[in-house]
Amino acid sequence: MIKRILPYEGLLHEVVEHNGVLYIGGIVPEDTSLDMSGQANDVLRQLAQLLKTLGSDLANVLQVTIYMTNLKEKAAAWKAHFSEAHLPARAAIGVADLGPGVKLEMTAIAARQ
């Protein structure tokens, strides 16, 4: 069964669940004045909060895709949020533009606890 959770207006759903797996759409930083590390912390904090409301947590994240305007900064804030035992698979993709001040956007796939 596919469940669409937390819909955006008209275009997509923030989260889709299938067989206990959560597919989370793009999360961007709330504070675009921050540097790359600050924006990464902001996005990962939002992801952790979203997962908590859905009955999961960062330890259950299976995969993250990060879209970044500067690939040289891809390690920013990563290990502060994921322990060695729970590092998800990760891909970083360079993009030209994500919007005014936005340096990164993340999507994630996580298991429900």
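Note: hydrogens, waters and symmetry copies are ignored here, and every other heavy atom, side chains too, is used. We're numbering straight along the sequence, starting at 1. Here the structure is a predicted model, which means the values were calculated and not measured.
The structure places CD1 of Ile109 at 7.0 Å from OG1 of Thr65, a figure rounded to the nearest 0.5 Å. For the atom pair Ser56 OG and Ile24 CD1, the distance stands at 7.5 Å (nearest 0.5 Å). One distance of note links CD of Gln49 with CG of Leu58; it measures 10.5 Å at 0.5 Å rounding. Note that the CG atom of Leu104 and the CG atom of Leu98 stand 7.5 Å from one another [nearest 0.5 Å]. Remark: Tyr23 OH to Glu17 CD distance equals 10.0 Å, nearest 0.5 Å. Rounding to the nearest 0.5 Å gives a distance of 8.5 Å between CE of Met106 and CZ of Arg90.
Residues Val102 and Pro29 have side chains in contact (heavy-atom distance under 4.5 Å, counting atoms from C-beta outward). Between Pro88 and Val64, the closest side-chain pair of non-hydrogen atoms falls below 4.5 Å.
By the criterion of side-chain heavy atoms lying less than 4.5 angstrom apart, applied directly or through intervening Ile, Leu, Val, Met, Phe, Trp or Tyr residues, Met36 is not grouped with Val28; the two fall into different hydrophobic clusters. Hydrophobic clustering of Ile, Leu, Val, Met, Phe, Trp and Tyr side chains at less than 4.5 Å, counting indirect connections, unites Val61 with Leu54. Each of Val95 and Ile66 belongs to its own hydrophobic cluster when Ile, Leu, Val, Met, Phe, Trp and Tyr are linked at side-chain heavy-atom distances under 4.5 angstrom. When hydrophobic clusters are built by joining Ile, Leu, Val, Met, Phe, Trp and Tyr residues whose side-chain heavy atoms come closer than 4.5 Å, directly or via intermediates, Tyr67 is not grouped with Leu71. A continuous path of hydrophobic side-chain contacts links Leu22 to Leu87 [ILVMFWY only; heavy atoms under 4.5 Å].
For the side chain to side chain donor-acceptor pair (under 3.5 Å) test, no residue two or more places apart in sequence or in another chain qualifies with Thr107. Residues that satisfy the side chain to side chain contact (heavy atoms under 4.5 Å, CB included) test with Asp35, not counting sequence neighbours, are Ser37. Applying the side chain to side chain donor-acceptor pair (under 3.5 Å) test to Asp57 and every residue at least two apart in sequence or in another chain returns Asn60, Gln113. In this view, Asp31 and Ser33 satisfy the side chain to side chain donor-acceptor pair (under 3.5 Å) rule, not counting sequence neighbours.
Pairs of residues two or more places apart, or lying in two chains, never qualify as salt bridge (charged side-chain N to carboxylate O under 4.0 Å, His left out) while including a residue from residues 93-109. Sequence neighbours left out, the pairs with a member in residues 39-49 that pass salt bridge (charged side-chain N to carboxylate O under 4.0 Å, His left out) are Glu30-Arg45, Asp42-Arg45.
Gln39 contributes a side-chain N or O that, together with a main-chain N or O of Leu34, makes up a donor-acceptor pair within less than 3.5 Å.
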